[in-house]
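Remarks on the structure that follows.
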Amino acid sequence: MKHKIGFMGLGIMGVPMAANLLKAGYPVMVYNRSPEKGEPLVKRGAGLASHPKAMARAADVIIAMVTGPEALQDLLWGPNGAGGAFNHSKVFINMSSVSPGYTRELARELELSGVTFIDAPVSGTKKPAEDGALVILAAGPQDKVKALEPVFLAMGKKVIYCGAAGQGSMMKMFVNLLLGVMMEGFAEALNLGKLGGLDMDAMLETVFSGAMNSPMFQVKAPLLKENRYPAAFPLKHLAKDCKFVVDTAFELGAPAPVAHTILHLYRAGVAQGWGDEDISAIAKVLEHLNPK
Ligand code: NAP
């Protein structure tokens with residue numbers, strides 16, 4: 001029997017992820033703070049709950065894909081929160097990007113309800129979410145993660161088991177630090193080359209022809225070329241994740257000098273009003289610092 005899925009958080013990632021669960025034949029009940037975002041899913045057969053608790057009552061596997069801790073706290077423990085319907089027979093999977101420290105706190109909060117908690121953020125943006133090609137960084141009881149593999153593989157191409165709850169979020173810190181550094185490094189190098197009079201296409205050809213080539217650079221290059229940054233991964237979310245990385249590094253005593261620098265730069269992008277644009281809009285932050 002297919003699990004009954006409850007899905008809350010219908011943003012850039014949540015809509016295609018829930019659509020892929022429907023496509024795989026799972027019955028899906030959705031909830032979103034702004035209910036109109038659920039309409040395309042309702043057209044494909046999803047139920048639309050009027051509050052998170054109703055969604056959680058109707059499901060045995062509840063998935064959250066929201067901005068971060070504040071949104072999760074509201075949806076779990078706010079009025080008609082999903083947490084009120086959790087019990088031993090249900091599984092709660094948080095796929096939103098949050099810090100490992102918050103995840104461990106959440107695990108403790110959830111323990112009282114008896115719900116099985118899986119910490120499973122994802123690597124991959126809008127296109128992999130649409131293509132069902134996300135990489136799922138799953139943590140929690142290993143037998144439960146294994147049993148839920150068909151659910152994960154409806155949304156992703158791979159499940160990487162990371163350890164106890166908190167370690168999925170830790171893996172997300174690891175990979176998003178690398179993402180933030182690579183994105184900023186790519187934009188910074190291109191900005192330097194442009195100021196030095198190099199041709200954009202020639203610079204890109206140089207990167208793509210050598211050991212520096214990366215699929216991420218290839219996806220972001222057209223945006224940087226055209227100075228147009230429609231969000232696949234909003235810059236404000238990477239700024240949030242950089243803050244979680246810096247906090248986590250501080251707790252661990254890990255040196256993270258570049259993480260601090262990129263946090264400052266991505267936050268500057270948010271402060272300039274570019275938070276809803278793609279992470280590649282970090283190029284505009286650097287341009288802003290160029291001599292006038
Ligand atoms: P998004 O498009 O900004 O959507 C955010 C979702 O969170 C929306 O459903 C929003 O509801 C909900 N939300 C925010 N604050 C809320 C609150 N206080 N109460 C209830 N709901 C609230 O974000 P996204 O890009 O889908 O990202 C979702 C998560 O995945 C984030 O943690 C992000 O860091 C992570 N992630 C994103 C990407 C990416 O490429 N986009 C890739 C990997 C991981 P409304 O619709 O009502 O605003």
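Counting starts at 1 for both ligands and their atoms, following the listed order.
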G9 touching ligand 1 at heavy-atom level, < 4.0 angstrom: yes
Any N/O pair E70/ligand 1 closer than 3.5 Å: no
Atom 22 (C) of ligand 1 - nearest protein heavy atom and its distance: A71 CB, 3.6 Å
Between E130 and N20, a side-chain donor and acceptor under 3.5 Å: no
NZ/NE/NH1/NH2 to OD/OE distance under 4.0 Å, K220 and D278: yes
Selection from T67, I279, T125 by shortest heavy-atom distance to atom 13 (N) of ligand 1: T67
From CA spacing to verdict: salt bridge (charged side-chain N to carboxylate O under 4.0 Å, His left out), K225, D201: CA-CA 8 Å; K225 250 181 93 168; D201 286 322; 2.7 Å; yes
Other cluster members, L192 - Ile/Leu/Val/Met/Phe/Trp/Tyr, side-chain contacts below 4.5 Å: none
Those atoms of ligand 1 less than 4.0 Å from some heavy atom in P234: 25 (O), 41 (N)
N-O pairing of R228 and E277 below 4.0 Å: no
Contacts of A46 that satisfy side chain to side chain contact (heavy atoms under 4.5 Å, CB included) - sequence neighbours left out: L22, V30, L41
Protein contact of atom 8 (C) of ligand 1 - nearest heavy atom, named by residue and atom, plus distance: N32 OD1, 3.9 Å
Polar proximity ligand 1 side, L75 side, N/O cut 3.5 Å exclusive: no
Protein contact to atom 36 (N) of ligand 1 [nearest heavy atom, distance to 0.1 Å]: S97 OG, 3.9 Å
Side chains of F7 and I62 in contact at under 4.5 Å (non-hydrogen atoms): no
Contact (N/O only, under 3.5 Å) between V66 and ligand 1: yes
Nearest option to atom 25 (O) of ligand 1, as decided by whichever heavy atom of V175, L10, I12 sits closest: I12
Aromatic ring proximity, centroids under 6.0 angstrom, F86 and F92: yes
Heteroatom proximity flag, K172 to ligand 1, N/O under 3.5 Å: no
Nearest non-hydrogen protein atom, atom 23 (O) of ligand 1: H237 NE2, 3.0 Å
Option nearest atom 26 (O) of ligand 1 (shortest heavy-atom distance, choices M13, M65, M8): M13
Polar side chain donor-acceptor pair, D247 to S99, under 3.5 angstrom: no
Close approach, K240 and ligand 1, non-hydrogen under 4.0 angstrom: yes
Heavy-atom nearest neighbour in the protein, as seen from atom 42 (C) of ligand 1, with distance rounded to 0.1 Å: G124 O, 3.1 Å
Distance-only polar pair, side chains of E149 and Y161, donor-acceptor under 3.5 Å: no
More than 12 heavy atoms of other groups within 6.0 Å of E287 CD: yes
Plane angle bin for F186 and F217 - parallel if under 30°, tilted between 30 and 60°, otherwise perpendicular: parallel
Nearest protein heavy atom with distance in Å, relative to atom 4 (O) of ligand 1: G11 CA, 3.4 Å
Identity and distance of the protein heavy atom lying nearest atom 48 (O) of ligand 1: R33 NH2, 2.9 Å
Closest approach of any protein heavy atom to atom 46 (O) of ligand 1, naming residue and atom: K37 NZ, 2.6 Å
Ligand 1 contact by M95, heavy-atom criterion under 4.0 angstrom: no
Sub-4.0 Å heavy-atom contact, S123 with ligand 1: no
